[in-house]
Amino acid sequence: MEVIGLSNLVLLVCAALVVVGTLSSLLAARFGAPLLLIFLLIGVLAGEDGPGGIHFSDYGATYVVGSAALAVILFDGGLRMRATSMRGALGPAFLLSTAGVFMTAGLVAGAAMVLLGLSFLEGLLVGAIVASTDAAAVLFLVRAQGLRLGRRVGAVIEIESATNDPAAVFLTIILVELLMAGATHAGWDILAGAGQELVLGIVFGVAGGFLLTFMINRVDLPPGLHPVFVVASAIVIFAFTSVLHGSGFLAVYLAGLVVGNRPVRALAAITSFHDTVTWLCQIVMFVMLGLLVSPHSLVDSILPGLGVAAFLILLGRPATVFLCLWPFGFSLREKLFVSWAGLRGAVSIFLATIPMLAGLPGAHTYFNIAFIVVVTSLLLHGWTLALAARRLDVALADPLREPQRFEIDLPGQSEHELVAYPVAAGTVGIRADLLPDWARMVLVVREGKVLGPEEAGLLLARDYVYLLTPPQRVHQLDRLFMLEELVWGQDAAFPFAGEIRLGDIGELYGLPIPPRDQDFTVAAAFADRTDDRPAPGMRIVFGHAAIEVRQVENGRVTLAALRLEREDAGRGTQFIQGFLRLARKGRNQSDTF
Amino acid sequence: MPLADLLAPDAVFPSLRASSKKQALQELAQHAAVLINRDAREIFETLLQRERLGSTGVGSGIAIPHGKLPKLDKLFGAFARLEKPIDFEALDGEPVDLVFLLLAPEAAGADHLKALARVARMLRDPDIAEKLRASRDARSIHTLLTAASASDAA
């Protein structure tokens, strides 16, 4: 009977932690605190040094659960990545996720040798553990904060974070093996082994993705089982590839990418199920990692840990990014943002369990250093990423809240699905004939009455609109229905046709237009940055002015407006603007113009 | 820089007559030419060149024609209330009756933008626009424009 009692207790504790984790999202929404960090803190509080007092030190279980959770999160990341957005970003991302990882690890090794008094290989192990940016954290933060990054920058950090784990995992495993064998310097087999991980990861990932797509479309499962089938298959692809010494992380991301970019039956059900599962995985993984850490043993590592974190964030990462992106013509601001967007997350803590599992001497130090680096990064980057995107002008528009979207599967085919959006006040004027040509308005529900698109005319607030659209493009509709402060009739805005050259506008107003944009027309600049999918409200900032999309026809910007910064505006968020206004109150107006 | 620094009392024209956008710009260019002692044709060409990129009608019956004039020593503004609203190819299609002309030196840069933003924001204030439309007195319009911008910044 005792076994049953214990099982129930375990169940109670685990479920309660997930419940608390879920509820903590309210807290995060209110204070803007990085949600992932809160999950981690809940784990710490429930753990041995917190009020929870739970002793948990099963690194093996953590490794298994963590792998599964990471696999699901990476698959979800691939599922949502549009292949077309990757144009021009693959090269830079690939360089960052291979050479970049080795370079970061090497640089951090130097810092760790000095700060922790380690040998070169031990220092390199610290570097390898914290070298990869965390896809879960990057994808999650970018989406949770509604950041709409320029296509190339967004794709680079996203692809980098999803594809750099293999290099880091491999480097970590090899280094642990070398250190266990008593070797003192790295051999040639590191590179060869990393190559094998990479190739197998790519092959099994792509093949697995196509096979999975084929299965979903061919096998008639009872409705509701499709998403379960997909999640389980994703973990199979991950585990299978890993068993054969390929990079499971890379494979599962690529498989997601393939599935998400092919016509797939029941994609709506699959993605909405994935939303849920991804959340669950984040909560489980971070709470568990929080449980695993022993805060009292962290004390000794705090200073060196912060030192490593500071070095990584301020020197290691920027140096790597600037060097790797140097051949690709990124602007200084873009490089700065990519440097800042080097979030560390669960992967690093997870990699730090490998020396533990191997029983490497000093493994606790690696684990504690990784933990401190991750917490620092989550705190610092998590809180400032959106601000950095705005300050560095790499965001296409203000962060927006995700619109509420309802998706309805249409049985019998996989090319289209039905989506419904509630129309919010202040949504850009939308009419059936102003929609992108791949989306068809089917009906509008207004005050309880069902209207055809012709009858409905311009959409009004509180309408519900139903649209027929290819599943892969649903997210582009989101932009149309996002709540946004409308600028019509508010600030200064001068209209420009889409065919005007940016260089001409820049010359007239003395705007800092980058050389490669000089000869672009307004329409071409937006086409380039949005992957041919501009939407009203998007803007590109040039110095003290922004060009904002007003009208789009057939995927081209036909009308844009030059918006001028308010003369009292700082370049920060609304919070900063409000703060500046407050600070200026009472001051003489003569210097505020 | 308060608006009083760029808008002189004698640069306010409370009842300008014009039947077209082109004519309005011509009239304003002529008045401006006298005040800053320059060729009216040069000013008109500058404004016209800017209008070719896109209308400077910003909506709600307001237009802010502007441009850069070489060898101007500082920002120059002029305001006109049109007797009859005219079509200005504005964003919202509304006819325009409040016109603020802004000429900037070649190297004005950020000041040019700030002045434009300030003028636009002030004119788009419905209260101010209403008062401007109700008045025919150059001095009271000047006071309104310069005072409004001063209180605005506090």
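When reading the values below, keep in mind they use all heavy atoms of this one structure, side chains included, and skip hydrogens, waters and symmetry mates. Letters go in sequence order (proteins before strands), and every chain restarts at 1.
Both tests hold for B:Arg50 against A:Phe494: distance to the six-membered ring centre under 6.0 Å, angle to the ring axis within 45°.
Looking at every heavy atom in both residues, B:Arg81 comes nearest to B:Ser135 through NE-O, 3.2 Å.
Contacts between residues 499-509 of chain A and chain B, defined by a heavy-atom separation under 4.5 Å, are made by A:Ile500, A:Asp504, A:Glu507, A:Leu508, A:Tyr509.
To the nearest 0.5 Å, the span separating CZ on B:Phe76 from CG on B:Leu101 amounts to 6.5 Å.
Considering only heavy-atom pairs separated by less than 4.5 Å from chain A, the leading option among B:Arg52, B:Lys68, B:Gln49 is B:Lys68.
Listed for the B:His66 side chain is no donor-acceptor partner under 3.5 Å among the backbone atoms of B:Phe100.
Within the structure, ring pair (Phe, Tyr, Trp, His ring centres under 6.0 Å) contacts touching residues 37-59 of chain B (residues at least two apart or in different chains) do not occur.
In this structure the side chain of A:Val557 never reaches within 4.5 angstrom of the side chain of A:Thr521, judged on heavy atoms.
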